[in-house]
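We count ligands from 1, going down the list as the structure has it; atoms in each ligand are counted the same way.
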Amino acid sequence: MKKHIVSAFLMFSIISSVCFAQTEKKERIPLKHGAHRIGKRTDAYMQRWREYGLGQFIHWGVYAIPGGQWNGKTSGGAAEWFRSSGLISIQEYDNLYKQFNPTDFDAKAWARQAKDMGAKYMIFTTKHHDGFCMWPSKYTDYTIANTPYKKDIVKQIVDAYTAEGIDVYLYFSIIDWSHPGYVSGGNINSPAIKKAYQDGTAENPFKTKAEEERYEDFKTFTRNQLFELLDNYPQIKGLWFDGSWDVAWVRNAAWVDNLGNELREKHPGLIIGSRFRSDEYGNRHEDANGDLIDDYDQRYERNLPNSLEETKGFDWDCVMTVPENQWGYHRDWSLTYIKTPYDLVEMAVKANSMDGNFVINFGPDGKGNIRPEETNIAKGIGEWMAVNGEAVYGVHHSILEKQDWGFSTQKGNDIYLSVFNKPMNNILKVKVPRSKMRGQVYVIENAVFISSGKTAVINDGGRDKSGSYYYNIPIPAEYQNSGQGFVIKVNIKEVPVEEKGAYQQAIT
Ligand code: FHN
C-alpha cells in the first residue's frame, strides 16, 4: 500500500514538474535594439494605415531605359537589378542617367489611375540599389537634376497622389552601389552568414581602416538623404526601406536604431516597417524575443501568409509583382506567368482576410508610360473595387473560419463573404462558429449580393457537434458564370439558444 502511495506521489511530482516546465515562461533576452513596443501601435496614423486594404508600389529609375535588354540580349533577372546582369558594363549603366528624359511622365495621370484602381496608399522608389535619386538630392550628383529631364520626380509624385487622397510612402534603398563608401558585408538572411555573425566569426566587411571610415561617410550620407526627404516632402506618411539585410548595416544596429528615433522625432506619426533595422544579434523583422521590430511586418514579398496564425497578430502588408519577379520595367513580359486582375483581387482579399494590406507593383517605362498591360490590370481591379471595395477597406479578419469558397472580412456586425471558388452545386455553404458566450449562438440575418443589391436567400443548414451553424445560400444565375469573384454581405447577430440534447460522438 505504502509502495503504491510513494509511486503515486512520484508520478504526481514528475507530471507536475513536466507541466511546470511546459508552462514556464521563456526567459526574455535583454535587448537594447530590439522592438521598442510590444503589441501594435494604437495611434491614428497607424489606424489609418490598417484601413488602406489596397496599395500601389512604383519601381521607377534609370533601369527603365534598358528595360531588361541590352544590345539584343535579354536578362531573365529582375529589370531593376540590370546593372548586375552582366549584359551591360557598369560604366555604361552608370551613364544611363544622361539619357533619362521621361517626357511622357504625367504624375497626375498615374495618380488618377491608382485612385481608379482603388489604391489608398502608394510607395515610390526614391532611390533603388543603383543609387540613382529621383529627387534632386544635394548630397550627390547622381540625381534627376543632372538628367535631361531635370525636374523633381518625387515632388510630382507626392503632390499628385496626395491631391488624389492617396497616402505616399517613400521607398529608400540602404544598398547604394553608387556611393564610394558603401560596402556590402553579405546578406544576413543567409543562415551561414547569420551564424558567423552571431558567433563573432564573420569576416569583417571592411577590409581596411580606410574602408571602415568611408562607411562612416556613407552613414552620414544616408542620414542626410533621409532628413532631406522628410524636409522636402513633409506630406509623406512613412519610409519604406529595402536592402537592410546587408551585414555592414546590421553591424550598425545601435546607430540605425538611433537614426530611426531621430526620424520619428522629426516627423510625428512616421510609419516605418520591419525592413529598416535589426536587433543587436542580427535578427530582422522579429527580434530575439519574437517581438516585431518597428511598426509593421514587411516580410511578405511576392507571397502571402497561409493563415492568420502565421501573421502572429502583427500588422503587415504584402508587396506583389505582376510578373513572377519584375519590379522595374522589363520589355519582355513573356518570360513568366503574368497575374490577371482576378488573381490580384483574390490575393488582395486574402490578405485583408488575415488583417494585411496588399500592394501591387507597377514598373513604368523609360519615357514615363505605364505599360498597357498594367493599365488594363489597374482598370480590371478598379472595376471590381468600385463595386466590392466595402469588403476590402477598413475591414479585419472575420469570426468565420477559412472556408473553401473564398475569404471573409468583417466590419462591425457585417461580414463580407468574398466568393472566388464557387461551389459546383451553386449553393454556398457558410459555416458560422458557435459564440464564445454560453447559451448564445451567432445567426446570420440579411444577406445581400453587393454588386446587385439583391437579397440572398438564407437556408438553415443545421448545426454540427461544435455548435457551429451552417447556412446554405443559393447562388443566383447571374453569379453562376460571371467569371468574377463576388461578395455577399451578411449581418451577424448573437442570440440565446435553447439546448436540445448533445451531439453524439462516433464510437469507433
Ligand atoms: O532587391 C529588391 C527588389 O529589386 C525590389 O525592390 C523588392 C521590393 O520589395 N525589394 C528587394 C528585394 O527584396
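- Proximity of the aromatic rings of Phe57 and Trp240 is defined here by a centroid distance below 6.0 angstrom, and this criterion is met.
- Using cut-offs of 30° and 60° on the angle between ring planes, the pair Trp177 and His129 is perpendicular.
- Separation of the Tyr300 and Trp316 ring centroids falls under the 6.0 Å cut-off.
- Scanning the protein heavy atoms around atom 5 (C) of ligand 1, the nearest turns out to be His59 NE2, 3.4 Å.
- Considering only non-hydrogen atoms, atom 9 (O) of ligand 1 lies nearest to Glu301 out of Glu301, Gln326, Gln298, Met320.
- In this structure, Phe241 has no heavy atom closer than 4.0 Å to ligand 1.
- Annotation: atom 3 (C) of ligand 1 to nearest protein heavy atom, Glu80 OE2, 3.4 Å.
- Ligand 1 lies within reach of Arg275, whose nearest heavy atom is under 4.0 Å from it.
- Taking the centre of each ring, Tyr63 and Phe82 stay at or above the 6.0 Å mark.
- Under a cutoff of 6.0 Å and an axis angle of 45°, Lys155 and Trp135 do not form a cation-pi pair.
- For the pair Arg371 and Trp333, the cation sits on the ring face: its NZ or CZ lies under 6.0 Å from the ring centre, inside 45° of the axis.
- Residue-to-ligand polar distances place His128 within reach of ligand 1: an N/O pair is separated by less than 3.5 Å.
- Close approach to His129 involves these atoms of ligand 1, each under 4.0 Å from a residue heavy atom: 1 (O), 2 (C).
- Listed by number with element, the atoms of ligand 1 under 4.0 angstrom from any heavy atom of Asp242 are 2 (C), 5 (C), 6 (O), 7 (C), 8 (C), 10 (N), 11 (C), 13 (O).
- Ligand-side atoms of ligand 1 in range of Trp81: 1 (O), 2 (C), 3 (C), 4 (O), range being under 4.0 angstrom from any heavy atom.
- Close contacts between ligand 1 and Trp240 involve ligand atoms 9 (O) [criterion: under 4.0 Å to a heavy atom].
- Between Phe206 and Tyr215, a ring centre-to-centre spacing shorter than 6.0 Å is recorded.
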